[in-house]
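A, B, ... follow the sequence lines: proteins, then strands. Residue 1 opens every chain.
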Amino acid sequence: MFALIDCNNFYASCEEVFNPSLSKKPLIILSNNDGCIIARSKKAKELGIQMGDPAYLFKERVDRGEIQMLSSNFTLYADMSQRVMQTLESYSPQMEIYSIDEAFFELEDRSADRLCEDGLKIRQKVKQWTGIPVSIGIAPTKTLAKIANETAKKHPEFSGVRVLISQFEIRKQLEKTEPEDIWGIGSALAQRLRTGRIYTACELIDREDRFIQHLIGISGYRTVLELRGISCFPFEEESEKKQSIVCSRSFGRKVSDIRDLEESVAAFASRGAEKLRNQKSRASFLSVFIATSPFVQPYESRSCHIELPNPTSFTPELIRLAKKGLRSIYRPHFAYKKAGVLLGDFVDENSEQIDYLTPGNENPKKTKLMQTIDRINRRYGKNAVQFAAEGLDPSWRSNRANASPKFTTSWNELLKIQDLA
DNA sequence: TCTGGGGTCCTAGGACCC
DNA sequence: TCTGGGGTCCTAGGACCC
């Protein structure tokens, strides 16, 4: 049995924990650069506001006070996520953290009533300890647990916990489930299914194996097996290391000057190197990309790929290569809107294969330097120490006009119960 | 004027091998 | 006129997820 615990309207809920008055009106949370909507409270969803809608469409209604709008505050969301996960861990350390707001449990096969009872207890505890409402779906496979969870969220009569075990109930539910609402079926595959005259999950599981595989590939076929109750996506407890790391941002304004772009890719390389060291990896390649706005013609987007003779996580080296790569793809007179750095092909810090012909990078002094910088920044906050190449107060930085305080991670931004001033 | 960021897996086609 | 069969590895692009 799998249980999927999923936070309701997670980012919006995080904001409401610290500012309950936000729950009175629809609330939307914006992406980086205040570009588009990435989270909505229940009331905002009821207005029909879609994930990914551009923010400017709602500016008037925000000005009129009908809708509340916040920039994203990922520092807060990440911390709240940790609290939720820790609470869940107190039930069972065997847990798969699937995303910032979701986790799977593996459960023993017990009666539906007992499973439901346990679910309600977990839900109650998370709410009490963190203030975050969650929904729980329990079923024989992950894909079915996802569907159970969705229905728990949608229909209040389940009180936030739905157990989907009996063949009869599963089938009844699948008759009401559209292909797009199945985990792993997106708009493209759903369209393909429609060409095969499949309009519900139930019609999908009743089709021939060969036909399904031909239509939507091996991944789609696995999803169908899961819907039939055959588990194909195993429980994955240990969080594995990332295989690639991307750091990229849209700029707050259009950028044409190569010096600004250099600062930005230096900053992204630096952030990437930090993440790399965090998971004790070194990168064997780095790519850099820059792009103009995809909504304005002509669209210009270029990237380059640089192999590293010796895998490294040493920031100055990665900055140097990022800037070198940038210069090879930069073309003047374009209004760039976005840049990024991708690191990949990782090797473990401790099992490095050294190039016979090139002198190694990782002398102990460099390693020590990076460790020290990381320690200072962990203790005194992001960018307490940084590289000059990243620019001090850069003008290309993303917009973030309406962010809530870092209530839980910064002494200067603690929640004020009453303003004594 | 204004439209995010960070990932994973699969597949088809090209290059190559015997 | 007639030009094999079977395989691996790599990569770019597509599709998906949150």
Applying side chain to side chain donor-acceptor pair (under 3.5 Å) as the test, list every pair that has at least one member in residues 333-342 of chain A; sequence neighbours left out. none
Atom pairs under 3.5 Å: protein N/O with N/O of nucleotides 14-16 of chain B:
none

Side chains of residues 195-203 of chain A: which donor-acceptor pairs under 3.5 Å do they make with residues two or more places apart or in other chains?
{"from": "Thr195(A)", "atom 1": "OG1", "to": "Arg192(A)", "atom 2": "O", "distance (Å)": "2.5"}
{"from": "Thr200(A)", "atom 1": "OG1", "to": "Cys202(A)", "atom 2": "N", "distance (Å)": "3.3"}
{"from": "Thr200(A)", "atom 1": "OG1", "to": "Glu203(A)", "atom 2": "N", "distance (Å)": "3.1"}
{"from": "Glu203(A)", "atom 1": "OE1", "to": "Tyr199(A)", "atom 2": "N", "distance (Å)": "2.5"}
{"from": "Glu203(A)", "atom 1": "OE1", "to": "Thr200(A)", "atom 2": "N", "distance (Å)": "3.2"}

So what's the dot-bracket for DNA chain B: Watson-Crick or G-U pairs under 3.5 Å, [ ] if a pair crosses, | if it pairs off-strand? ....||||||||||||||
Using a cut-off of 4.0 Å on non-hydrogen atoms, how would the nucleic acid contact of Asn399(A) be classed: base, sugar-phosphate, or nothing? nothing
Ring-plane angle category for Trp183(A) and Phe104(A), please: parallel below 30°, perpendicular beyond 60°, tilted otherwise. tilted
Answer with base, sugar-phosphate or nothing: what part of the nucleic acid does Arg192(A) contact at a heavy-atom distance below 4.0 Å? sugar-phosphate
Please list all pairs meeting salt bridge (charged side-chain N to carboxylate O under 4.0 Å, His left out) that have one or both residues in residues 17-43 of chain A, counting only residues at least two apart or in different chains. Lys42(A)-Glu46(A)
Flag this pair as yes if the NZ/CZ of Arg207(A) is under 6.0 angstrom from the six-membered ring centre of Phe211(A) and inside a 45 degree cone about the axis; otherwise no. yes
What residue pairs, at least two apart or across chains, pass salt bridge (charged side-chain N to carboxylate O under 4.0 Å, His left out) with a residue in residues 81-96 of chain A? Asp79(A)-Arg83(A), Glu96(A)-Lys142(A)
Please check if the side chain of Ser41(A) supplies one atom and the backbone of Leu27(A) the other of a donor-acceptor pair under 3.5 Å. yes
State which residues pass side-chain hydrogen bond (donor to acceptor under 3.5 Å, both in side chains) with Asp260(A); sequence neighbours excluded, sorted by chain then number. Arg253(A)
For Leu189(A), report the nucleic acid contact type (base, sugar-phosphate, nothing); a contact means any heavy atom under 4.0 Å. sugar-phosphate
Which letters describe nucleotides 2-12 of chain B, given B = protein heavy atom under 4.0 Å from base, S = only from sugar-phosphate, - = neither? BBBSSSSSSS-
Tell me every residue that passes ring-ring contact (aromatic ring centres under 6.0 Å, His included) with Tyr91(A), counting only those two or more places apart in sequence or in another chain. none
Checking all strands, does Ile185(A) fall into the base, sugar-phosphate, or nothing category for heavy-atom contacts under 4.0 angstrom? sugar-phosphate
Ile100(A) side, atom CD1; Met85(A) side, atom CE - distance, nearest 0.5 Å: 8.0 Å
Interface residues of residues 141-148 of chain A with DNA chain C (non-hydrogen, below 4.0 angstrom): Lys146(A)
Among Ile122(A), Ile138(A), Leu4(A), exactly one meets side chain to side chain contact (heavy atoms under 4.5 Å, CB included) together with Phe105(A). Which residue is that? Ile122(A)
Whole-Å distance between dC17(C) P and Leu4(A) CG? 14 Å
Can you list every pair that meets ring-ring contact (aromatic ring centres under 6.0 Å, His included) and has a residue in residues 17-45 of chain A, with sequence neighbours left out? Phe18(A)-Phe407(A)
What's the CZ-P distance between Phe233(A) and dC18(C), to the nearest Å? 12 Å
Quiz: residues 287-296 of chain A side-chain donor-acceptor pairs under 3.5 angstrom, not counting sequence neighbours:
{"from": "Thr292(A)", "atom 1": "OG1", "to": "Glu300(A)", "atom 2": "N", "distance (Å)": "2.9"}
{"from": "Thr292(A)", "atom 1": "OG1", "to": "Glu300(A)", "atom 2": "O", "distance (Å)": "3.4"}
{"from": "Ser293(A)", "atom 1": "OG", "to": "Phe295(A)", "atom 2": "N", "distance (Å)": "3.1"}

